[in-house]
Undergrad: 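Handing you a structure now.
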Protein chains: 2
Amino acid sequence: MKSPMKPSQPQEATQEDEAVDFALIELLFFAYRDFTSDPDAILARYGFGRAHHRVLHFVNRRPGLTVAELLEVLRITKQSLARVLKQLIDTGYVVQVQGPRDRRQRELYATKKGHALALALALPQSRRIHTALEEAGIEDRAALERFLKAMVNPELRAQVDRSPSGGDRTSERGKME
Amino acid sequence: MKSPMKPSQPQEATQEDEAVDFALIELLFFAYRDFTSDPDAILARYGFGRAHHRVLHFVNRRPGLTVAELLEVLRITKQSLARVLKQLIDTGYVVQVQGPRDRRQRELYATKKGHALALALALPQSRRIHTALEEAGIEDRAALERFLKAMVNPELRAQVDRSPSGGDRTSERGKME
DNA sequence: TAATTATGTCAATATGGCTGACATAATTTT
DNA sequence: AAAATTATGTCAGCCATATTGACATAATTA
């Protein structure tokens, strides 16, 4: 382990490195690391983790989302979601409503309490983003949105649009339809 | 659980929502989700996980990094790093060299094999980034770098600079496009 | 009626984090 | 030189989040 080893083959940069954009890869890592640190601190006080945050976020953003849709968006399995969702329901942050058209479905909605928490978690992230936009002197916010969306797998971009992107209002044309 | 429950308090949008930038928050989530999916597939073939990726990435990028420095960058504990680092060393992707000045330190270096894997993992991510820049028609790459860096906690920005960015050819202030 | 679908749940497992405690060697302080 | 501190390693156990596979139930569709 800690033998007085000499590097068998310590490595230097090769020419191939030139083609790889390590700078942006690393910046994305650092930016996302700190971006998620904001809500983490809040979640800890509620006994929740990132998994709860993600579920609550999407349920809040897409009222009436079904369990299957949520699994697609999060890209996790039903079993992984189960515990987290149950905790959010048991503690009153999310409620389930039997699907109107298809009674097998469970539409998910954030309660008032859930909405408040989702907002509290989003606030520091939103602030961080806006401060960064200002600091970086980004004039073209739309360009950033285009870039981020282009980073998503083409076949999954529909998920991005499914949000109430037009604005945020959550209500729209009534969720209980 | 699946009682014929009626939402005790289904929630609608409040005015506060307007102030929160849910759109960008969500885009960052989706972008990062798919950004990390590229290397995940490769790692699985090696029996490694994301933790190995992160360690290998930074060791490759910052040859001679010490264990303490690595912990700071990854923001994890020594015990969390231990297993992963040991596996990378045991399988020949990383080597340790006793620190020249301070013999207690262990400088970390990627081996030729480690360098190759780090590159293989970075390639699809780099490609995704560049394709996205093109698709989004980003002319000002530097602006994106400024934004991402501004997203990092001020007190931790030094970590970003510590990379071989002075030369990380590829980037600089050039705009590849 | 039969097949399929949406959801829930049980059991087992893996990964990657964590804390606390302690050991060793090397450096720094006193 | 002795004492304190530092850098690293390691043991033991715990927790959160994810996985797969199997199976149950109710509702819809064929």
Side-chain angles (χ1 to χ4, degrees), chain A residues 1-5 29 33 36-37 39-41 43-57 59 64-91 94-108, chain B residues 1-5 33 36-37 39-41 43-57 59 64-90 94-108:
Chain A
M1 267 97 238
K2 76 276 285 309
S3 45
M5 44 169 56
F29 167 77
R33 180 195 66 180
T36 54
S37 71
D40 280 354
L43 289 161
R45 303 203 290 266
Y46 289 79
F48 290 150
R50 282 189 200 178
H52 301 85
H53 184 191
R54 291 193 287 264
V55 170
L56 182 59
H57 169 90
V59 168
L65 189 79
T66 65
V67 170
E69 288 168 341
L70 185 53
L71 293 178
E72 268 178 40
V73 171
L74 299 177
R75 306 198 76 187
I76 57 173
T77 62
K78 187 173 37 163
Q79 297 74 6
S80 298
L81 173 65
R83 181 182 35 89
V84 169
L85 180 56
K86 192 175 192 309
Q87 288 175 316
L88 286 171
I89 290 170
D90 291 349
T91 49
V94 172
V95 289
Q96 286 177 311
V97 182
Q98 201 170 51
R101 302 175 301 267
D102 187 334
R103 282 157 37 211
R104 288 172 302 181
Q105 297 185 328
R106 300 284 177 270
E107 293 187 345
L108 303 171
Chain B
M1 267 91 240
K2 75 273 289 301
S3 44
M5 44 167 61
R33 179 195 66 178
T36 54
S37 71
D40 279 354
L43 289 161
R45 302 203 292 267
Y46 288 80
F48 289 150
R50 282 190 199 176
H52 301 86
H53 185 189
R54 291 195 285 265
V55 170
L56 182 58
H57 170 89
V59 168
L65 190 78
T66 64
V67 170
E69 287 167 342
L70 184 52
L71 293 178
E72 267 179 42
V73 171
L74 299 178
R75 304 196 75 187
I76 56 174
T77 61
K78 186 175 39 164
Q79 296 76 5
S80 298
L81 173 64
R83 182 172 22 93
V84 169
L85 180 56
K86 191 174 192 308
Q87 288 175 314
L88 286 171
I89 290 172
D90 290 349
V94 172
V95 289
Q96 286 176 311
V97 182
Q98 202 170 50
R101 303 176 300 270
D102 187 332
R103 281 156 40 210
R104 286 172 305 182
Q105 296 186 327
R106 299 283 177 268
E107 292 187 345
L108 303 171

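This structure is a prediction, so every number in the text was calculated from the model and none was measured. By convention in this document, chain letters (A, B, ...) are assigned in the order of the sequence lines, proteins followed by strands, and residues within each chain are numbered from 1.
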Undergrad: Taking only side-chain N and O atoms of Arg54(A), does any of them lie within less than 4.0 angstrom of OP1 or OP2 on dA18(D)?
TA: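 True: Arg54(A) side-chain N/O within range (under 4.0 Å) of dA18(D) OP1/OP2.
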Undergrad: Hey, are the side chains of Val95(A) and Ile89(A) touching, using non-hydrogen atoms and a 4.5 Å cut-off?
TA: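 A side-chain contact is absent here, since even the closest heavy-atom pair is not under 4.5 Å.
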Undergrad: I want to check one thing: is the phosphate of dT28(D), taken as OP1 and OP2, less than 4.0 Å away from some side-chain N or O of Gln105(A)?
TA: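 For Gln105(A), the contact criterion (side-chain N or O under 4.0 Å from OP1 or OP2 of dT28(D)) is not met.
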Undergrad: Look at the aromatic rings of His52(A) and Phe48(A) and report parallel, tilted or perpendicular, splitting at 30° and 60°.
TA: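 If you compare the ring of His52(A) with that of Phe48(A), the planes turn out parallel.
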Undergrad: Please state how far atom CD in Glu72(A) lies from atom P in dT5(C), giving the value in whole angstrom units.
TA: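 To the nearest whole Å, that distance equals 14 Å.
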Undergrad: Looking at Arg106(A) and dT7(C), is any side-chain donor or acceptor paired with a base atom of the opposite kind under 3.5 Å?
TA: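 Checked by distance alone, the answer is no.
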Undergrad: Quickly work out the Arg101(A) CZ to dT5(C) P distance and round it to whole Å.
TA: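 The answer, rounded to whole Å, is 17 Å.
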Undergrad: Report the distance from atom CD1 of Ile89(A) to atom P of dT7(C), rounded to the nearest whole Å.
TA: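 After rounding, the gap between these two atoms is 12 Å.
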Undergrad: Does any donor-acceptor pair link the side chain of Gln79(B) with the base of dT10(D) at a separation under 3.5 Å?
TA: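 Side chain to base: pair found, below 3.5 Å.
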Undergrad: Tell me whether the OP1 or OP2 atom of dA26(D) has a side-chain N or O from Gln98(A) closer than 4.0 Å.
TA: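 So the side-chain polar atoms of Gln98(A) never come under 4.0 Å of the phosphate oxygens OP1 or OP2 of dA26(D).
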Undergrad: Side-chain donor or acceptor of Arg104(A) under 3.5 Å from a matching atom on the base of dT5(C)?
TA: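 It does, because a donor-acceptor pair links the side chain of Arg104(A) to the base of dT5(C) below 3.5 Å.
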Undergrad: Please state how far atom CZ in Arg75(A) lies from atom C1' in dT17(D), giving the value in whole angstrom units.
TA: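 Roughly 17 Å, once rounded to whole Å.
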Undergrad: Between the main-chain N or O of Val73(B) and the side-chain N or O of Arg33(A), is there a donor-acceptor pair closer than 3.5 Å?
TA: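 Pair found, side chain donor or acceptor close to backbone of Val73(B).
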Undergrad: Using a heavy-atom cut-off of under 4.0 Å over every strand shown, decide if Arg83(B) touches base, sugar-phosphate, or nothing.
TA: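 Base contact - Arg83(B) has a heavy atom under 4.0 Å of at least one base atom.
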Undergrad: Between dT6(D) atom P and Glu69(B) atom CD, what is the distance in whole Å?
TA: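 Roughly 16 Å, once rounded to whole Å.
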Undergrad: Measure from NE2 on His52(B) to C1' on dG16(C) and round the result to the nearest Å.
TA: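 The distance from NE2 of His52(B) to C1' of dG16(C) comes to 10 Å, rounded to the nearest Å.
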Undergrad: So which nucleotide from dT27(C), dA27(D), dT19(D) ends up closest to the side chain of Asp102(A)?
TA: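 Among the listed nucleotides, the one closest to the side chain of Asp102(A) is dA27(D).
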Undergrad: Rounded to whole angstrom units, what separation is found between the CG atom of Asp40(B) and the P atom of dT19(D)?
TA: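 Distance, rounded to whole Å: 11 Å.
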Undergrad: Whole Å only: how far is the CZ atom of Phe48(B) from the P atom of dA14(C)?
TA: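 So the CZ-P distance, Phe48(B) to dA14(C), works out to 17 Å.
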Undergrad: Taking the side chain of Lys78(A) as heavy atoms from C-beta outward, which of dT8(D), dG20(C), dT7(C) is closest to it?
TA: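 Of the options given, the side chain of Lys78(A) lies nearest dT7(C).
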Undergrad: With respect to the side chain of Ser80(B), which nucleotide from dT28(D), dG8(C), dC18(C) is positioned closest?
TA: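 So the nucleotide nearest the side chain must be dC18(C).
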Undergrad: Any donor and acceptor pair, going by atom type alone, linking the side chain of Arg106(A) with main-chain N or O of Leu65(A) inside 3.5 Å?
TA: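 Answer holds: no.
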Undergrad: Hey, which sits more toward the 5' end of DNA chain D by its nearest nucleotide, Thr77(A) or Ala82(B)?
TA: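 Looking at the nearest nucleotide for each, Ala82(B) comes out on the 5' side.
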Undergrad: Per the side-chain contact (heavy atoms from CB on, under 4.5 Å) rule, which among Arg104(A), Gln105(A), Glu72(A), Gln96(A) passes with Thr66(A)?
TA: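 Of the listed options, the one satisfying the test is Gln105(A).
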